[in-house]
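Quantities reported herein were computed from a predicted structural model and do not represent experimental measurements.
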Amino acid sequence: MSLKKSFAAATAMAGAITALSFMAAGSARAQGALVMYCGVQEEWCRAMTTAFERETGIKVSMTRKSSGEIYAQVKAESQNPRADIWWGGTGDPHMQAAEEGLTEEYKSPKMSELQDWAVRQWEQSKNRTVGIYSGALGFGYNTDLVQSKKIPEPKCWADLLKPELKDEVQVADPNSSGTAYTLLATIVQIMGEDKGFEYLKALHKNVNQYTKSGAAPAKAVALGETTAGITFMHDMVTMVVDKAPVKVVAPCEGTGYEIGSMSIIKGAKNMDSAKKFYDWALTADAQKLGADAKSYQVPSNKNTPVPPQAPKLTDIKLINFDFAKYGSSAERKRLLSKWDNEVKNLPK
């Protein structure tokens, strides 16, 4: 082949490669990307990520953290948002972020398919966060340890204060954990603020560790690392399903509950992808993934089957939880500061 023909062939090949590169880049842009902060268990986060990528071709970069940690990160990054969607975790920090303008107003076409409590969450947040599941707060205990240590079976919040449970109770830190903040707000609503904080101070004497994650005490109870743990009941149910020696308790005095939520981050760089995920995550098919990942909350889409293992909210003495008040920025900051000053730093 002559030099001239070789050059022509090489040029044609380079052109073809360049064209293919442009086509590939265009395809990647068309499929898009999504950065997600996820506030539920790792297994559920990964299941959602994998299914959404498979169905849409949109590449998801997911980070799993506790609700309070995600809120703090979203706030810190507000001038240059790194994430597009915040999915899961208790609604209180979502509500605070909404009030502070850290999240975006959006109305999904799927709203008509949702339970009333999920829509109420959206309305109270001025269209900035929506309910995706619900679950009741409670506690669980290791039946083997209760029996071997001859500890009376706890059935009420008051029982967790008994001297037999000294250094035997585990709960998360409400600064990082939405679960633990729900406990703080629940106790205050049941007992009144003064008596509620007296309760929390007394409980402090029995707490062996304030964990970062709200679900961590459930695993500790299952492994026998602590006798009792305060969590959402569905997190304890997961341990029971895995055959751990765990008993789940709905406290006799009544209890609060969460509305797990989803928000689009204000200034999201991948806004179209965020809205696609938001709409998809509200579908019955997407919400079924929770039970598949052994997460037994009550889904917000009316057409999603409620997992048979999920605690029946109608059988639990639920308080009339004031999500608007206890999700407000001022009230959250005040209660968390008071807990830090009056409870966390107390000697044992």
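For the pair K149/E168, a side-chain contact is recorded, criterion being any heavy-atom separation below 4.5 Å from C-beta on. Taking the side chain as every heavy atom from C-beta outward, Q170 and V221 never approach each other to under 4.5 Å. Annotation: side chain of I58 is not in contact with side chain of F277 (no heavy-atom distance under 4.5 Å). Put simply, the side chain of Q115 reaches to within 4.5 Å of the side chain of K302, judged on heavy atoms. V146 places a side-chain heavy atom less than 4.5 Å from the side chain of E153. Between L318 and T255 the shortest side-chain heavy-atom distance falls below 4.5 Å. Two residues are said to be in side-chain contact when any heavy atoms from C-beta on lie closer than 4.5 Å; L165 and Y141 fail this criterion. Annotation: side chain of Y199 is not in contact with side chain of I190 (no heavy-atom distance under 4.5 Å).
Scanning both residues, V171 and V207, for their nearest heavy atoms gives CG1-CG2, 4.1 Å. The two residues P299 and P305 make their nearest non-hydrogen contact at CG-O, 4.0 Å. Nearest heavy atom pair, residue T49 against residue V60, reads CG2-CB, 3.6 Å. Nearest heavy-atom pair, T283 versus D279, reported as atom, atom and distance to 0.1 Å: CG2-O, 3.5 Å. Smallest separation of non-hydrogen atoms from I316 and A250: CG2-CB, 4.0 Å. Across R128 and G101, no two heavy atoms sit closer than the pair NH1-CA, 4.3 Å.
In this structure, the side chain of S134 engages the main chain of E258 through a donor-acceptor pair within 3.5 Å. Checked by atom type and distance alone, the side chain of Q309 never pairs as donor or acceptor with a backbone atom of V237 at under 3.5 Å. No donor-acceptor distance shorter than 3.5 angstrom exists from the side chain of D242 to the backbone of A244, with no hydrogens or angles considered. A donor-acceptor pair is defined here as one N or O able to donate and one able to accept, closer than 3.5 Å; no such pair exists between the side chain of S263 and the backbone of H94. Looking at W157, its side chain does come within 3.5 Å of a backbone N or O of G254 through a donor-acceptor pair. Judged by distance alone, the side chain of S337 and the main-chain N or O of K333 form no donor-acceptor pair under 3.5 Å. Here the side chain of S177 pairs no donor or acceptor atom with the backbone of P174 at under 3.5 angstrom. The main-chain N or O of D340 is found under 3.5 Å from a side-chain atom of N345 such that the two form a donor-acceptor pair. The backbone N or O of H234 lies less than 3.5 Å from no partner atom in the side chain of Q297, so there is not a single donor-acceptor pair. The closest donor-acceptor contact from the side chain of T129 to the backbone of M95 lies at 3.5 Å or more, if one exists at all.
A salt bridge is defined here as a Lys NZ or Arg NE, NH1 or NH2 lying under 4.0 Å from an Asp or Glu carboxylate O, and D159 with K162 meets this definition. The pair R334-E193 counts as a salt bridge, with a side-chain nitrogen and a carboxylate oxygen less than 4.0 angstrom apart. Ion pairing between a basic and an acidic side chain is recognised when a charged N comes within 4.0 Å of a carboxylate O; R120 and E123 show no such pairing. A salt bridge links K201 with E342; the closest basic N to acidic carboxylate O contact falls under 4.0 Å.
There is a side-chain donor-acceptor pair under 3.5 Å between Q287 and S300. Between K276 and N270, the side chains place no donor N or O within less than 3.5 Å of an acceptor N or O (distance only, hydrogens not considered).
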ask   = Would K275 and D272 count as a salt bridge (charged side-chain N to carboxylate O under 4.0 Å, His left out) if you check the C-alpha gap in whole Å, the side-chain angles of each, and the deciding distance to 0.1 Å?
value = CA-CA 5 Å; K275 290 178 179 177; D272 288 345; 5.7 Å; no
request  = Would you sort out whether N80 and K269 count as a side chain to side chain donor-acceptor pair (under 3.5 Å), showing the intermediate values?
outcome  = CA-CA 9 Å; N80 184 25; K269 294 180 174 65; 2.9 Å; yes
Y133/W44 under ring-ring contact (aromatic ring centres under 6.0 Å, His included): CA gap, chis, key distance, verdict = CA-CA 13 Å; Y133 59 78; W44 195 4; 5.5 Å; yes
inquiry  = Is there a side chain to side chain contact (heavy atoms under 4.5 Å, CB included) between L335 and F197? Walk through the geometry before answering.
reply    = CA-CA 10 Å; L335 282 179; F197 268 84; 4.0 Å; yes
Steps toward side chain to side chain contact (heavy atoms under 4.5 Å, CB included) verdict (V343, L184) = CA-CA 11 Å; V343 179; L184 173 54; over 6 Å; no
task = Verify side chain to side chain contact (heavy atoms under 4.5 Å, CB included) between L114 and W122, making sure each step is shown before the conclusion.
result = CA-CA 11 Å; L114 304 184; W122 178 75; over 6 Å; no
request  = Begin with the C-alpha distance, continue with both residues' side-chain angles, and end with the deciding distance and a verdict on side chain to side chain contact (heavy atoms under 4.5 Å, CB included) for K266 and L102.
outcome  = CA-CA 5 Å; K266 184 83 170 177; L102 301 174; 5.5 Å; no
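Both tests do not hold together for K344 against Y210: distance to the six-membered ring centre under 6.0 Å, angle to the ring axis within 45°.
Taking a 6.0 Å sphere around CD of E55, one finds it holds more than 12 heavy atoms contributed by other residues, nucleotides or ligands. Within 6.0 Å of the NZ atom in K338, the count of heavy atoms belonging to other residues, nucleotides or ligands exceeds 12. The 12-atom threshold is not exceeded at CG of N320, counting heavy atoms of other residues, nucleotides or ligands nearer than 6.0 Å.
Counting only residues at least two apart or on different chains, the salt bridge (charged side-chain N to carboxylate O under 4.0 Å, His left out) pairs with a member in residues 60-75 are E69-K212, K75-E100.
Within the model, atoms CD of E43 and CG of L289 stand 13.5 Å from one another, a figure rounded to the nearest 0.5 Å. The CD1 atom of I259 sits 11.0 Å away from atom CD1 of I132, with the distance rounded to the nearest 0.5 Å. Rounded to the nearest 0.5 angstrom, F323 CZ and Q124 CD are separated by 8.5 Å. Here R82 contributes atom CZ and Y37 contributes atom OH; the two are 6.5 Å apart, rounded to the nearest 0.5 Å. Taking NZ from K294 and CG from D235, the interatomic distance works out to 14.0 Å, rounded to the nearest 0.5 Å. Separation of atoms CD (E253) and OG1 (T186) is listed at 11.5 Å; rounding is to 0.5 Å.
Checked against side-chain contact (heavy atoms from CB on, under 4.5 Å), K195 has the following partners two or more places apart in sequence or in another chain: M191. Remark: K312 engages no residue in a side-chain hydrogen bond (donor to acceptor under 3.5 Å, both in side chains) (not counting sequence neighbours).
Both Y278 and W87 are members of a single hydrophobic cluster when ILVMFWY side chains are connected at heavy-atom separations under 4.5 Å. There is a path of hydrophobic side-chain contacts, each under 4.5 Å, that joins V169 to Y181. Under the 4.5 Å side-chain heavy-atom criterion for Ile, Leu, Val, Met, Phe, Trp and Tyr, W339 and V188 are members of the same hydrophobic cluster. One hydrophobic cluster holds both V298 and V241 under the rule that ILVMFWY side chains link at heavy-atom gaps under 4.5 Å. Under the 4.5 Å side-chain heavy-atom criterion for ILVMFWY residues, no single connected hydrophobic cluster contains both V119 and L313.
Results of the side chain to side chain contact (heavy atoms under 4.5 Å, CB included) test with P154 over T227, L160, L161 single out L160 as the only residue that passes.
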